[in-house]
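Take a look at the structure set out below.
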Amino acid sequence: MATVQLKNIKKVYPYISGEQKKSKKKADDAPKKKINLQITDEGVVAVQQFSLDIADKEFIVLVGPSGCGKSTTLRMVAGLEEITDGELIIDGKLVNDIPPKDRDIAMVFQNYALYPHMTVYENMAFSLKLRHVPKDEIDKKVKEAAEILDITQYLNRKPKALSGGQRQRVAIGRAIVRAPKVMLMDEPLSNLDAKLRNEMRAEIIKLRKRIDTTFIYVTHDQTEAMTLGDRIVIMKDGYIQQIGTPQEVFNHPANLFVAGFIGMPVMNFFDANLVREGSKYFVEVGGYRTELAPEKEERLLNNDVQSQPVTLGVRPEHTDVSDSGVAATVEVAEMMGSSVHLHVNADGHDVIIIVPTIEMKGNYEMGDIVHFSFQGNVAHVFSKDTEKNLEF
Amino acid sequence: MSKDNGSSVTYKIFSFVVLIILAFLFIFPLYWIITGMFKPPAVINSPTPQWWPHEWTMRNITELFSRRTAPLFSEIALRVPGALRWLINTVFMAIMAMILTCITAAMAGYALAKKRFIGRTFLFSLIVAAMALPKQVILVPLVREISALGLYDNIWAVILPTVGWPFGVFLMKQFSEGIPGEMLEAARIDGASELKTFTSVVIPMIKPGIGALAIFTFINSWNDYFLQLIMLTSNSNLTISLGIATMQAENSTDFGLIMAGAALAAVPIIIVFLLFQKYFTKGITMGAVKG
């Protein structure tokens, strides 16, 4: 249990002699692949301007696409990577130069990283033994942790005799047995199949209630981020894009990237016009016009936003099939059980509309013309130039 | 029977015949030495070979252990037959070479595989290049170095040059590459020091590799006649193969005695090989696949 503060953290991987030219060349050759890496004269910049205050017992999720710097950030907190610049404070103590073992943290790795030659018991007891904890206390702690994770019957087995889910429980057990101040998890569920991942996600939520410590959790899966985190930190290209509760980032995405990254299916985007008429704001897209909700208008007014072409974002679940509105052609109708995901093409833009099955008036066929509309309280307007949400 | 089955049977018969001939060619000298050590000198030297000894004798063996005596250990007055002393020397040499090579190669291989330091690639290239260097090339500087250290005609003169065997480092590096980086990081977070990580996590994980290297080193050191010939001269410091060679020079006609000596030199190594055969082949194949 501890607070964690990251103050303007920066991570640069310096070049090893002769590598600079190679990296620059590679970046030029494959701009699409290396798009997340920023090649500078000092090296490859992985994380920058990362500032975050994590409260005691808070569950923070770092989320973003591959190469966004989330794992690097976690590894810096763990002490596995040196911090190039900035301050890392755990429980009020600057720990930049303190080795991992003295930071009182524990970490769960994506590929479990269990010691294959040790039994489950020995794996869990290893860190305690190194700290010269008395034998009977080790025994008590390991058995308690095994009880919490329901792995008591496997204590004498070697990791190779366990399934993926059981191994991940052991890895978590190894971490909680020490009762660390901060628990770090680096994509712990990525190696599990979809069903097991859902189960383990629920287990982590329960675990969190039982062990009551500060968590920093890294994932690229936005569903995990939304379900687990008290707050989510969305990252891209080494920068924080937005920090907020799951509800905040879902309802008020700070920019186009966050809007597209959070939510499944992804948000629909349109080229639209924002029209200001006195203190009122309207959006116009494909002949459809609607007024924004009063709270949105107030924020736009505070920012003195003028009429301008914008990127309009509306989530599929907030897009309704209606008699009038934007005209679109049906391309695919995916039956999901409780709803149908209708993929339509509106003036060259791919749009997804979620239609609840009970509201369906008939079947949709490819080539059908439908109209869709949305309410003013669910429309997000983003600047064409900066891609920022104009409400911010 | 289909055509395919017919050709596969022919192929099998052909391979068996070839394998049997090859096996015979390899086993025959061993058979000849082992039976030869129990034959009387007249039979061995007779122009008509006796494939199986009609008359068995222990004379060659008793003769081997009654010739020349040497102190059991360097400072001890108790004198034992030279052959016994040579055997002790050889076992000591092979075991020390094995232990020291395994320790140094495992450490160096792990460092080269898992640690990042300036000149790592260069150092590894140097080691690989050293693998291609024939022993004869470094002989003169090696003898001078050993003499300067005051180790000439000392059993350590044949142990120390084999330690730091480039192939050993190479093999251990290949094995260490297979250790996931996260496992070492987990050990660091668990609070293991560098040494503890090496002994508690790395060594158990590269154990099959160490097993293979141990056998390789033992056999290599045992059979390294050339280095022993250059470095060792006095009777009490000889190894078994050198001892047999000196006997051959002294008793060029007593083949029974020489065969007894040769059997004494060959049998331990065959036993070691048979016991650790699994590690031996595993070491070769793993090095091949990962290299």
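Computed from a prediction, not measured in an experiment: that's the story for all the values here. A note on names: the letters A, B, ... follow the listed sequences, proteins ahead of strands, and every chain is numbered from 1.
Across all non-hydrogen atoms, the minimal contact from Asp190(B) to Arg174(A) is OD2-CD, 3.8 Å. Nearest heavy-atom pair across Glu182(B) and Asn111(A) is OE1-ND2, 3.2 Å. What you find for Gly191(B) and Lys101(A) is that their closest heavy atoms are CA-CB, 3.3 Å. Looking at every heavy atom in both residues, Arg188(B) comes nearest to Gly79(A) through NH2-O, 3.5 Å. The two residues Ile189(B) and Leu80(A) have their closest heavy-atom pair at CD1-CD1, 3.9 Å.
With a 4.5 angstrom heavy-atom cutoff, Ser200(B) touches chain A via backbone and side-chain atoms both. If you measure heavy-atom distances from Lys196(B) to chain A, the contacts under 4.5 Å come from the side chain alone. Proximity to chain B (any heavy atom under 4.5 Å) is restricted, for Leu114(A), to the backbone atoms N, CA, C and O. In this structure, the portion of Arg75(A) lying under 4.5 Å from any heavy atom of chain B is its side chain and not its backbone.
Within 6.0 Å of CZ in Arg144(B) there are 12 or fewer heavy atoms belonging to other residues, nucleotides or ligands. Shown here is Tyr11(B), whose OH atom has no more than 12 heavy atoms of other residues, nucleotides or ligands within 6.0 Å.
Proximity of Met183(B) to Pro116(A): side-chain heavy atoms (C-beta onward) are separated by under 4.5 Å at one or more points.
Taking chain B as the reference chain and counting heavy-atom pairs below 4.5 Å, the highest number among Ala171(A), Ala175(A), Ser127(A) is found for Ser127(A). Ranking Asp186(A), Leu184(A), Leu130(A) against chain B, the residue ahead of the rest is Leu130(A), based on heavy-atom pairs under 4.5 Å.
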